[in-house]
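Counting starts at 1 for both ligands and their atoms, in listed order.
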Amino acid sequence: MGGKINIAIDGHSSCGKGTLAKNLAKSLHYLFIDSGAMYRAVTLYLIRNQINLDEVKQNPNLLDDIHISFQFDEDEGFYFTMLNGENVETLIRGMEISKRVSEVSAVKEIREFLVRQQQKMGKDKGVVMDGRDIGTVVFPDAELKIFMTADARVRAQRRYLELQEKGIPADFEDILKNIQDRDLLDSTRENSPLIQAPDAIVLNNTDMTRDEQARIALTWAKGVILSA
Ligand code: DC
């Protein structure tokens with residue numbers, strides 16, 4: 001009774017999965033893992049090293065030089081994504097990476113490489129991971145699965161404000177189109193498309209504040225933990 005569980009949070013782009021996952025992890029003293037950041041870091045690595053996707057498919061060992069980790073900054077209360085020892089958190093959130101990441105994440109060899117690492121991170125339980133295939137592929141046995149969605153324009157507006165706050169140049173229509181394109185690519189790709197796990201609970205947060213979502217999800221999590 002009351003053992004640790006894994007929590008899988010999947011859903012569409014920019015609907016606040018990361019924020020909800022971070023809030024849950026903090027309240028439960030669990031580890032938060034942003035699996036999308038891992039796909040973004042791989043995208044950055046491939047661009048920088050001018051490696052194209054066909055080369056990766058032919059020689060997946062090229063990926064073995066990529067080391068991704070997360071560092072928690074106590075002062076900022078924030079997780080930084082590290083790529084081969086470098087903090088790439090700001091770089092991976094820019095539009096260049098956002099535009100390329102869907103095609104990178106559609107490659108089977110890249111998914112296998114990252115899924116292996118994600119499964120290792122969750123083997124002792126106590127993990128909140130957000131992404132697209134966490135409840136279906138990475139942790140099919142997660143004790144709590146949440147599938148998040150929200151209206152695309154509301155998501156674009158939130159992402160626009162977030163980028164502005166971080167000082168990253170942004171254009172609303174560009175962001176909206178990127179979100180719609182990614183919804184389509186993520187849901188129609190051949191390898192691990194974004195689908196709702198049959199045992200996931202849907203959270204549509206179009207009209208919810210962050211606090212409301214956090215409260216609801218925490219109630220669900222505590223209920224599951226008590227019976228775990
Ligand atoms: O969550 P995000 O927007 O940072 O994710 C970036 C991209 O990575 C997104 O277009 C889909 C992909 N992704 C994925 O295919 N599987 C995951 N588990 C997480 C992200």
Measure the distance from [atom] to every protein heavy atom, then report the residue, atom name and distance (to 0.1 Å) of the closest one.
| atom | result |
| --- | --- |
| atom 19 (C) of ligand 1 | Ser35 OG, 3.3 Å |
| atom 2 (P) of ligand 1 | Arg132 NH2, 3.6 Å |
| atom 12 (C) of ligand 1 | Ser105 OG, 3.5 Å |
| atom 20 (C) of ligand 1 | Gly36 CA, 3.5 Å |

Closest heavy-atom contact between [X] and [Y]?
| X | Y | answer |
| --- | --- | --- |
| Arg155 | Ala150 | NE-O, 2.8 Å |
| Arg93 | Ala37 | NH2-CB, 3.6 Å |
| Ile110 | Leu53 | CD1-CD2, 4.0 Å |

Exercise for the section: Consider only side-chain N and O atoms of Asn23 and Arg215, and report whether a donor and an acceptor are under 3.5 Å apart. Expected result: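 Short answer, no.
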
Exercise for the section: Report the C-alpha distance between Phe32 and Tyr79 in whole Å, list the side-chain angles of each, state the deciding distance to 0.1 Å, and finish with yes or no for ring pair (Phe, Tyr, Trp, His ring centres under 6.0 Å). Expected result: CA-CA 9 Å; Phe32 159 67; Tyr79 289 83; 5.2 Å; yes

Practice task
Let me see the working for Phe113 and Asp64 under side chain to side chain contact (heavy atoms under 4.5 Å, CB included), right down to the final yes or no.
Solution key: CA-CA 8 Å; Phe113 171 73; Asp64 293 339; 4.1 Å; yes

Handout entry: Enumerated ligand 1 atoms positioned under 4.0 Å from heavy atoms of Arg40
Key =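 Contacts of ligand 1 toward Arg40, numbered from 1: 2 (P), 3 (O), 4 (O), 6 (C).
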
Problem - Per-atom contacts, ligand 1 versus Asp186 - under 4.0 Å to a heavy atom - result: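 Selected atoms, number and element: 9 (C), 10 (O), 11 (C).
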
Handout entry: Atom CD of Gln71: over 12 foreign heavy atoms under 6.0 Å
Key =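 Not buried by this count: 12 neighbours or fewer within 6.0 Å.
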
Practice task
Count the heavy atoms belonging to other residues, nucleotides or ligands that lie under 6.0 Å from NZ of Lys166, then report whether that count exceeds 12.
Solution key: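 More than 12 heavy atoms, drawn from other residues, nucleotides or ligands, come within 6.0 Å of this atom.
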
Region of [X] engaging ligand 1 - heavy atom pairs below 4.0 Å:
| X | answer |
| --- | --- |
| Asp34 | neither |
| Met129 | neither |
| Met38 | neither |
| Arg182 | side chain |

Nitrogen or oxygen of [X] less than 3.5 angstrom from that of ligand 1:
| X | answer |
| --- | --- |
| Asp133 | yes |
| Tyr39 | no |
| Ser102 | yes |

Handout entry: Heavy atom of Arg111, distance to ligand 1 below 4.0 Å
Key =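 Contact present.
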
Exercise for the section: For a side chain to side chain contact (heavy atoms under 4.5 Å, CB included) with Phe139, tell me which candidate from Ile7, Val127, Asp133, Leu144 qualifies. Expected result: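 Single pass found, and it is Val127.
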
